[in-house]
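Within every chain, numbering begins at 1; the chains are lettered A, B, ... in the order of the sequence lines, protein sequences first and strands thereafter. No hydrogens, no waters, no symmetry mates; every other heavy atom, side chains included, goes into these values.
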Protein chains: 2
Amino acid sequence: MEEKEIHTEEKILNAAREVFIEKGMAGARMQEIADKAGINKSLLHYYFRSKEKLFSFIFSKLIGKIGSRIGELMEESVSIEEKLKGFVDMYIDLLLNNPYLPNFIFNEITRNPDGLLQNFHSANINPREYMEPLQKQLSKEGYTILPHDFIINILSMVIFPVAARPIIERLVFEGNKDEYKQYILSRKESIVKYVMGAMEVYKQK
Amino acid sequence: MEEKEIHTEEKILNAAREVFIEKGMAGARMQEIADKAGINKSLLHYYFRSKEKLFSFIFSKLIGKIGSRIGELMEESVSIEEKLKGFVDMYIDLLLNNPYLPNFIFNEITRNPDGLLQNFHSANINPREYMEPLQKQLSKEGYTILPHDFIINILSMVIFPVAARPIIERLVFEGNKDEYKQYILSRKESIVKYVMGAMEVYKQK
DNA sequence: TTTTACATTAACCATTTGGTTAAAACAAAC
DNA sequence: GTTTGTTTTAACCAAATGGTTAATGTAAAA
């Protein structure tokens, strides 16, 4: 009984995550989630009262998962280049396993940015806290680039190619999914090389 | 009569563009479009038979507008750095005036990528054609970076910060819209500097 | 074995939503 | 002024959708 409850709840959450991420909040249908979970639609409302509640639940869990990884990385005491390497590595893996994630988050960013920040907060993610230490480490290693510029450029180059996957896949790799995946994996190295190269311009001598 | 027809059609298109771009295809409501255009909902169906048709019409017009600008730029015979400058300049202006555009296009990329490519084609935009000349110019100027890497990294850094605007605005600039705008404008220069710096790594000597 | 409490479902409901229809308004043609 | 063709609207419709309810299953407690 207790076991079964957990089982169905899990089934619902898995199905809902897939549907929400793929179709977004507005495009998702409760019926589709129920079907995918192999249960009656009423059960959705039995476990999570409304679509909005179900969505919030999944969304905040997702944010927590993503955010916690950043925290760990930021606190390691290694060089900027090592941190960069770890960050890019981890995020590209995460995104390859969740290709619809960027789009999903972009949607939520426009639909309800304050709710997203609220979720950050609830998940104990406070990006502002990372800024000052990052700033210090950057200047200690001789880079004058602003920390938010540093972060935004990296996030851009990691996230965009996954958000635009269907187009890049078709346009650059003639629809070959495997070549696309290899390309994204290859960016683990090339982005680091690219960023460190660009940073030389900002190096004070 | 003829004038009035054009007038209402224009009103519909403007309203529809706004709503579609802000809410996406799934989130947009015909009633909201009608209200925003100040007309009866039936008129929408009188001018454009269905939501899908109205959406397609607006979408392809948008794509055409964006795409034609790239074509012009690519054909100018100036240095890579100059082309880069022109590209970044033009796109940042376009995006500042249409902040919801990236999200809108990302949605369509996942919802119907082939329709998007179809639209590219209809608008006489063929990105593959630009690849070879770009490749040649890059190597002539001594850069070994792959042309699609070159383009993807630039698009990333131009588009991402606008797509993530509400978050960046709140997190980095404490909600100050003007500071955010100034930051994006400042990226016109900083992205060029950044990219050209990174390209040094790829320069063959 | 009966009771109890929770899990699950089928049948329904109210609202929303894209879309249709038939009538009214309007402007030009005769 | 009447006819004709087009634009606009109010009223309506069917399907979809989030959500409710009441009945049924089911497993543990008594």
Side-chain angles (χ1 to χ4, degrees), chain A residues 1-62 100 104 107-108 110-112 115, chain B residues 1-62 100 104 107-108 110-112 115:
Chain A
M1 191 162 124
E2 185 67 3
E3 289 226 0
K4 223 172 195 177
E5 190 186 322
I6 287 171
H7 191 222
T8 35
E9 194 169 324
E10 203 104 305
K11 277 198 296 181
I12 291 176
L13 286 176
N14 286 335
R17 180 166 32 81
E18 280 182 43
V19 176
F20 276 132
I21 287 184
E22 195 174 329
K23 307 268 174 87
M25 167 67 181
R29 298 288 161 249
M30 292 298 265
Q31 189 61 59
E32 190 183 347
I33 295 174
D35 291 348
K36 190 162 250 172
I39 53 144
N40 188 287
K41 182 165 67 96
S42 307
L43 257 197
L44 293 186
H45 292 93
Y46 179 74
Y47 281 91
F48 305 86
R49 288 233 279 269
S50 67
K51 186 185 183 185
E52 188 66 46
K53 289 245 171 62
L54 178 56
F55 181 83
S56 296
F57 192 89
I58 284 172
F59 189 70
S60 51
K61 244 183 50 173
L62 219 61
Y100 292 106
F104 177 69
N107 273 338
E108 212 43 23
T110 28
R111 201 183 72 102
N112 183 15
Chain B
M1 191 161 124
E2 186 67 6
E3 289 225 1
K4 223 172 195 178
E5 191 186 321
I6 288 171
H7 191 219
T8 36
E9 195 169 323
E10 203 104 304
K11 277 198 295 179
I12 291 177
L13 287 176
N14 285 335
R17 180 166 31 81
E18 280 182 42
V19 175
F20 276 133
I21 287 185
E22 195 174 327
K23 309 270 175 85
M25 166 68 180
R29 297 288 162 250
M30 292 299 265
Q31 189 60 59
E32 190 183 346
I33 295 174
D35 290 347
K36 190 162 250 171
I39 53 145
N40 188 288
K41 182 167 67 98
S42 306
L43 256 197
L44 293 185
H45 292 93
Y46 178 75
Y47 281 92
F48 305 87
R49 288 233 280 269
S50 68
K51 187 185 182 184
E52 189 66 45
K53 288 244 171 63
L54 177 56
F55 181 83
S56 296
F57 192 90
I58 284 172
F59 189 70
S60 50
K61 244 183 51 172
L62 219 61
Y100 292 105
F104 176 70
N107 273 337
E108 213 41 27
T110 27
R111 201 183 72 103
N112 182 16

Only distances under 3.5 Å count here; give the side-chain donor-acceptor pairs of residues 48-55 of chain A to other protein atoms, sequence neighbours excluded, each with its distance to 0.1 Å.
residue: A:S50; atom: OG; partner: A:K53; partner atom: N; Å: 3.2
residue: A:K51; atom: NZ; partner: A:M25; partner atom: O; Å: 3.0
residue: A:K51; atom: NZ; partner: A:A28; partner atom: O; Å: 3.0

Using a 3.5 Å cut-off and no angle test, enumerate the donor-acceptor pairs between side-chain atoms of residues 33-41 of chain B and protein atoms at least two apart in sequence or in another chain.
residue: B:D35; atom: OD1; partner: B:Q31; partner atom: NE2; Å: 3.0
residue: B:K36; atom: NZ; partner: B:E18; partner atom: OE1; Å: 3.4
residue: B:N40; atom: OD1; partner: B:S42; partner atom: N; Å: 2.7
residue: B:N40; atom: OD1; partner: B:S42; partner atom: OG; Å: 3.1

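Here the CD atom belonging to B:E108 is positioned 11.5 Å from the CD1 atom belonging to B:I21, to the nearest 0.5 angstrom. Remark: B:R17 CZ to B:I58 CD1 distance equals 7.5 Å, nearest 0.5 Å.
Rounded to an integer number of Å, the gap from A:E32 CD to D:dG18 C1' is 15 Å. When the P atom of C:dT21 is taken as reference, atom OH of B:Y46 falls 15 Å away, rounded to whole Å. What separates CD of B:Q31 from P of C:dT15 is a distance of 17 Å, to the nearest Å. Rounded to a whole Å, the CD1 atom of A:I39 is 13 Å from the P atom of C:dA7. C:dT17 atom C1' lies 13 Å from atom CG of B:L44, rounded to whole Å. Following rounding to the nearest Å, A:L43 (CG) and C:dA10 (P) show an atom-to-atom distance of 10 Å. Look at CZ on B:F20: it is 11 Å from C1' on C:dG18, rounded to the nearest Å. Atom CZ of A:F48 is separated from atom C1' of D:dG18 by 16 Å (rounded to the nearest Å).
Close placement of the B:F104 and B:F59 rings is indicated, their centers lying within 6.0 Å of each other.
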Could you please spell out the steps behind the side-chain hydrogen bond (donor to acceptor under 3.5 Å, both in side chains) verdict for A:Y100 and B:T110?
CA-CA 8 Å; A:Y100 292 106; B:T110 27; over 6 Å; no
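Contact between the side-chain N/O atoms of B:Y47 and the OP1/OP2 oxygens of D:dT7 is not found at any separation under 4.0 Å.
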Which letters describe nucleotides 19-24 of chain D, given B = protein heavy atom under 4.0 Å from base, S = only from sugar-phosphate, - = neither?
BBB---
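Considering all non-hydrogen atoms of both residues, B:M30 and B:L44 come closest at O-CD1, 3.2 Å.
With distances taken from any side-chain atom of B:R29 to the nucleotides C:dT17, D:dT7, D:dT9, the minimum falls on C:dT17.
Here B:A26 lies out of heavy-atom contact (under 4.0 Å) with every strand. Using a 4.0 Å heavy-atom cutoff across all strands shown, B:A34 reaches no nucleic acid atom at all.
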